[in-house]
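Here the structure is laid out as structure tokens; the discussion comes afterwards.
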Number of protein chains: 2
Amino acid sequence: MERLQTAGIQPTRQRVHIAQVLLTGNQHLSADQVLEKMKHTGKPVSKATVYNTLGLFAARGILREVIIDPARVFYDTNNTPHHHVYNTVTGELSDIDLRHVLSEQLPELPEGTELEGVDVVIRVRPVR
Amino acid sequence: MERLQTAGIQPTRQRVHIAQVLLTGNQHLSADQVLEKMKHTGKPVSKATVYNTLGLFAARGILREVIIDPARVFYDTNNTPHHHVYNTVTGELSDIDLRHVLSEQLPELPEGTELEGVDVVIRVRPVR
DNA sequence: ATGACACTTTAGACAAAGTCTATATAAGCC
DNA sequence: GGCTTATATAGACTTTGTCTAAAGTGTCAT
Ligand SMILES: [Mn+2]
Ligand SMILES: [Mn+2]
Ligand SMILES: [Zn+2]
Ligand SMILES: [Zn+2]
């Protein structure tokens, strides 16, 4: 509730409910998985509301969109800065600390643009 | 032709045609853009063949899939190792040299997996 | 050449993710 | 309560991409 308020989000029944279900433990969930989760809690939320809410939470920094799979967006409840290892065969997605990957200095950004974020994806597959 | 042969790809009429249109200059094109391009060359290629061919070229290392936009996959004709700057508002996508971004040492990969690739995306937006 | 078999192309049906619209609910305020 | 605005909802719709079944093309042995 407070987290939503702080982020300037009206804490409606559905939003609070989604927040409660999601913001426990670090997870990477698709919209469809969230929709499904809500169904099983006894208080289902409509598809449109799930999409609206995930989009809103992402825009306000409560969730992070992870664009890693051509077929769906994942929503990341770990909102500390970090990067990802993605197993393109099993679909397993895990977090890695960003210090291990990035050098401290980014290249110059294009004229008239500002940084929004840096995403690093290490794609792996099962051996053999 | 030779490039396809070398990559173990049967150089059919359609595949050669697509290769000729794409492999001139560095571009980032969606499947739909490729389909459209082929229409305007006088020798159209079917949608299924465009998707099949792009997938095949990517699997054989002739093209590279860039998963950067939740709505479509881009195919990258620059097959040297590099990374990307993506303007999430304008959709502009440009290449950057990978040395500027990555430290030399990757973290340990999960057990039983091997590296497939590392993708770095610097997301930017217009100022103001 | 002819036939046999595998590989490729194609149109269009289909699937899945996500968006939009119009209406109904709910919330905030007096 | 009554008013106003924000949000939720069902379901139609759009877009990207996949699949299927049929036809076309290539390759090879005979
Ligand atoms: Mn689904
Ligand atoms: Mn299109
Ligand atoms: Zn994560
Ligand atoms: Zn590129």
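A note on names: the letters A, B, ... follow the listed sequences, proteins ahead of strands, and every chain is numbered from 1.
- As rounded to whole Å, 15 Å separates atom C1' of D/dG17 from atom CD of B/Gln33.
- B/Val124 has its side chain out of reach of B/Glu92: every pair of non-hydrogen atoms, C-beta onward, lies at least 4.5 Å apart.
- One atom, CG of B/Leu4, and another, C1' of C/dT8, lie 14 Å apart when rounded to the nearest Å.
- Side chain of B/Thr53 to main chain of B/Arg15: no donor-acceptor pair is present (N/O by atom type, distance under 3.5 Å, no hydrogens or angles).
- Residues A/His84 and A/Val120 fail the side-chain proximity criterion, which asks for heavy atoms closer than 4.5 Å.
- Atom-to-atom, CG of A/Leu35 to C1' of D/dG11 comes out at 14 Å; the value is rounded to the nearest Å.
- The CD1 atom of A/Ile9 sits 14 Å away from the C1' atom of D/dA6 (whole-angstrom rounding).
- More than 12 heavy atoms of other residues, nucleotides or ligands shown are found within 6.0 angstrom of CD on A/Gln5.
- Within residues 40-51 of chain B, the residues approaching DNA chain D are B/Lys47, B/Ala48, B/Tyr51, by heavy-atom distance under 4.0 Å.
- Shown for residues 11-24 of chain A: residues whose heavy atoms fall under 4.0 angstrom of DNA chain D, namely A/Thr12, A/Gln14, A/Arg15.
- Rounding to whole angstrom units, CG of residue B/Asn52 and C1' of D/dG24 are separated by 15 Å.
- Rounding to whole angstrom units, CZ of residue A/Arg72 and P of C/dT19 are separated by 15 Å.
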### Message
Evaluate A/Leu63 against A/Asn79 for side chain to side chain contact (heavy atoms under 4.5 Å, CB included), listing each step before the verdict.
### Response
CA-CA 6 Å; A/Leu63 291 176; A/Asn79 64 352; over 6 Å; no

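- Taking only side-chain atoms of A/Gln10, from C-beta outward, the nucleotide of D/dT9, D/dA6, C/dC7 with the closest atom is D/dA6.
- Annotation: side chain of A/Pro11 is in contact with side chain of A/Met1 (closest heavy-atom distance under 4.5 Å).
- For the pair A/Arg60 CZ and D/dT7 P, the computed distance is 9 Å after rounding to whole Å.
- Between A/Leu54 atom CG and D/dA8 atom C1' there is a gap of 15 Å when expressed in whole angstrom units.
- Under the 4.5 Å side-chain criterion, counting only non-hydrogen atoms from C-beta, B/Arg123 is in contact with A/Asp119.
- Scanning all heavy atoms of the two residues, the minimum distance from B/Leu4 to B/Ile62 falls at CD2-CD1, 3.8 Å.
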### Task
Give the intermediate values and the outcome of side chain to side chain contact (heavy atoms under 4.5 Å, CB included) for residues B/Ile67 and B/Phe74.
CA-CA 7 Å; B/Ile67 296 164; B/Phe74 288 107; over 6 Å; no

